[in-house]
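Reminder, nothing fancy here: chain letters follow the sequence lines and each chain counts from 1.
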There are 2 protein chains.
Amino acid sequence: MLSNIQINENRLWDSLNEMALIGATKKGGVNRQTLTDLDKESRDLFVKWCKEESLFVTVDQIGNIFARREGKNNNLPPIMSGSHLDTQPTGGRYDGALGVLSALEVIRTLNENNYLTEAPIEIAMWTNEEGCRFPPSMTGSAVFSGQYNLNDALSIQDPNGLELGNELKRIQYNGSTPCAPRSIGAFIETHIEQGPILEIEDKNIGIVTGAQAQKWYEINILGMEAHAGPTPMSNRKDALVAASEIVLLVNSIGNDFQPGGCATCGVLEIGSPSRNVIPGKCFLTIDFRHPENKILNEMDKKLRNTIKLIEKNNKVEIKIKQILELKSNVFNKSIKNIIQDVTKKLNYSSKEIVSGAGHDAVNINAIAPTAMIFIPCIDGISHNEVENVYKEDVTKGAQVLLHSMIELADNSSIIIDN
Amino acid sequence: MLSNIQINENRLWDSLNEMALIGATKKGGVNRQTLTDLDKESRDLFVKWCKEESLFVTVDQIGNIFARREGKNNNLPPIMSGSHLDTQPTGGRYDGALGVLSALEVIRTLNENNYLTEAPIEIAMWTNEEGCRFPPSMTGSAVFSGQYNLNDALSIQDPNGLELGNELKRIQYNGSTPCAPRSIGAFIETHIEQGPILEIEDKNIGIVTGAQAQKWYEINILGMEAHAGPTPMSNRKDALVAASEIVLLVNSIGNDFQPGGCATCGVLEIGSPSRNVIPGKCFLTIDFRHPENKILNEMDKKLRNTIKLIEKNNKVEIKIKQILELKSNVFNKSIKNIIQDVTKKLNYSSKEIVSGAGHDAVNINAIAPTAMIFIPCIDGISHNEVENVYKEDVTKGAQVLLHSMIELADNSSIIIDN
């Protein structure tokens, strides 16, 4: 039997709407890129709300924010939930914010019901999940989980040459708490699915069993700039033609490795572009994903072999640099079982699902028992200003989170490592 | 018999070097884009040099600069020569500057020899030849020759939304002289070839018989932004994949229409690019050239038909806008004959050649008898910071220009319309 306390659906919905005003775009989305003035504004609002709930707020060296509610036994490791508040340049209102504010709603509900859990509870707000301004993504949780060096992370530059560490100082979120692994009882991240499966199958809750393996690359192509008019076709070293061949190669690799393969070029930049100059330099990014590490390695091999041919055929130089590798992740089965059990008791429909996107939970899974709760998003659209959800799904997601966290906090011993 | 006066090769070479300091890049090139502070600096230096030669300087409504040396009979239309001082972002030291400063050297030579020509002589410095900041190119000469509306030209915006007319005011080159066709006896533009032909055939002087036909296009592609991870390959509307197919189509059209066809995509921009977002918007430019109007139209047809297929296959919307059309040009035969005759009398080797690039001379050819003199450039490289020439070729080009202008100014009646 679950306790009969319930989250306040309007309070959660209103907080999501208020947060979405910060960086709101004309098309109804949000542009709140990490460590900008708008990111600071969203952090300030979140911290204000946490303090209103009498939570103990700390900021670590990479700007991750933790808000703690003490339990009966504060020697127990905390049961933690959270996500991120930064967005893509053409981001939506729910990617990240849903997970942070659902965790806040859990605390608000416990407070108003005077429900004291056995273990303490913490909300986590991770820095730079999106990685669009400071690649790679999920930096805050990667440093926290010991998978990325702190000083390397602080030195990452944005396209204008500004450093992550300096921008953190500028917005005054360069905290003093050491950013390093510590004991966590369990971590649960609530998130929109960012894909179409739950909606197509008409399910309320996605019980996430793990996440896809990923590889990110940067490609630099060096050809020769020359005048577009008097330079015969046969004398050209066109960097954009080579880049275009790579974009189509990447797309065909995605199509060839079905089911499950995803392959995307998200950024393509010409050095000093001009309409009547043959491009001499191109920069290109590649994002490869697959549920199986082994098949992702096959995609990698095909990419590298074919790029050698593209280099030769176009008389250009091509450099490939892999900048991110995430192995496929399996989440904690005992937490997954509790989420499944709670979902069933609440009479919500659910489906086990593999996350196509990377999430901070994937990093935390390396140091603590971790799981995720997905809710559907309309038409499966995310990283887009029209990203949207149904209020009833938001409510159900937070309700599942609330009771799963109570179960975990009151019965820590049920958590068993995989 | 030619008169025995000679240009001063060191003075011309020194002026070219001094001008190349304005916007000089580390790699030995020049970045002096139109209507920037650096463009103003180059104009100021040119005007200072003209005033030192007692020339009468006027600036017209689009910022074209004219510097006039009176003749014996100032009722005769002027014999004019010139080019431009703006450069590409990765431009060279000679593209444009050679034509302006060779014309200045002609005047300096006439002045120091007290040689008074029958007709007056003018130098022209045309605004925004390159078109890289404010497309399309050759704006100043296009408005002057009545082929582009003045107000339309003043409203062209750069990528930051700054207007050409406002930038002209800002650098104080918004002159009051009407920018409209007037009577010109002859126009000759001296320029580097910007291709490899003269060097390969070991010729000093290119006698330019005309210029290729050109069409420029802007392509806008609308797909759908979505998260690169959880969006299955089959659900995508990837604008960059469509753009890449167009880049390769353009390249294959260039290769298919040989000899003579040139086809280039110089600019490709993704709207709000991010490494883990499927691109939803792309902007692309195309530059098509061919010596024959008829064949250029066939290239146009192939482009439009195949883009329809690319649009359908990628489930995106593609808009094509043609923003420039230049018909193939035939220059004035009587001026060409005089240049050929002078070259022969000076004992320089020469070759008739069709210009692959557009030039201000192509616009002026619509309203006045016009021709061009080419000199070789090393490895045929231009629109590149390593663009280079041999000093002896610069000298020979200016020497041919000097004597051709004297012939034309002293014997205006030999100029016959084609």
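For the set B:Ser272, B:Ser382, B:Ser234, the entry with the most heavy-atom pairs within less than 4.5 Å of chain A is B:Ser382. Each of B:Gly92, B:Pro135, B:Gly358 has some count of heavy-atom pairs under 4.5 Å with chain A, and the biggest count is that of B:Pro135. Looking only at heavy-atom pairs under 4.5 Å with chain A, the residue among B:Val241, B:Ile270, B:Asn276, B:Ile278 that has the most is B:Asn276. For the options B:Cys132, B:Ser274, B:Cys262, heavy-atom pairs under 4.5 Å to chain A are most numerous at B:Ser274.
Side-chain atoms of B:Asp95 and B:His84 form a donor-acceptor pair, as typed in the model, at a separation below 3.5 Å. Between A:Thr209 and A:Glu352, the side chains place no donor N or O within less than 3.5 Å of an acceptor N or O (distance only, hydrogens not considered). A side-chain donor from one of A:Glu385 and A:Thr25 sits under 3.5 Å from a side-chain acceptor of the other. A:Asn31 and A:Gln33 are linked by a side-chain donor-acceptor pair at a separation below 3.5 angstrom, with hydrogens and angles left out of the test.
When heavy atoms are compared at a cutoff of 4.5 Å, B:Arg275 approaches chain A by way of both its backbone and its side chain. Residue contact with chain A, scored on non-hydrogen atoms closer than 4.5 Å, involves the backbone of B:Glu193 exclusively. Looking at B:Ile353, neither its backbone nor its side chain comes within 4.5 Å of chain A, counting heavy atoms on both sides. Heavy atoms closer than 4.5 Å to chain B are found nowhere in A:Leu324, neither backbone nor side chain. Residue A:Gln194 touches chain B through both its backbone and its side chain, counting heavy-atom pairs closer than 4.5 Å. For B:Pro89, the part lying near chain A is the side chain, with the backbone staying farther off; criterion is any non-hydrogen pair under 4.5 Å. Residue B:Glu218 touches chain A through its side chain alone, counting heavy-atom pairs closer than 4.5 Å. For A:Pro230, the parts lying under 4.5 angstrom from a heavy atom of chain B are both the backbone and the side chain. Heavy-atom distances place the side chain of A:Ile381, and not its backbone, under 4.5 Å from chain B. Only the side chain of A:Asn235 comes within contact range of chain B, with at least one heavy atom under 4.5 Å from a heavy atom of that chain. For B:Arg133, no part lies under 4.5 angstrom from a heavy atom of chain A.
In this pair, B:His359 and B:Phe374 present their aromatic rings perpendicular. The plane angle is above 60°, beyond the 30 to 60° band.
For B:Asp287 and B:Lys215, the salt-bridge test fails: no basic side-chain N is under 4.0 Å from an acidic carboxylate O.
Remark: of the listed residues B:Leu249, B:Thr264, B:Ile246, B:Ile246 is the sole one forming a side chain to side chain contact (heavy atoms under 4.5 Å, CB included) with B:Ile286.
Ring centroids of A:Phe288 and A:Phe257 are separated by 6.0 Å or more, keeping the two rings apart.
Side-chain contact between B:Ile375 and B:Leu98 is present, with heavy atoms from C-beta onward closer than 4.5 Å.
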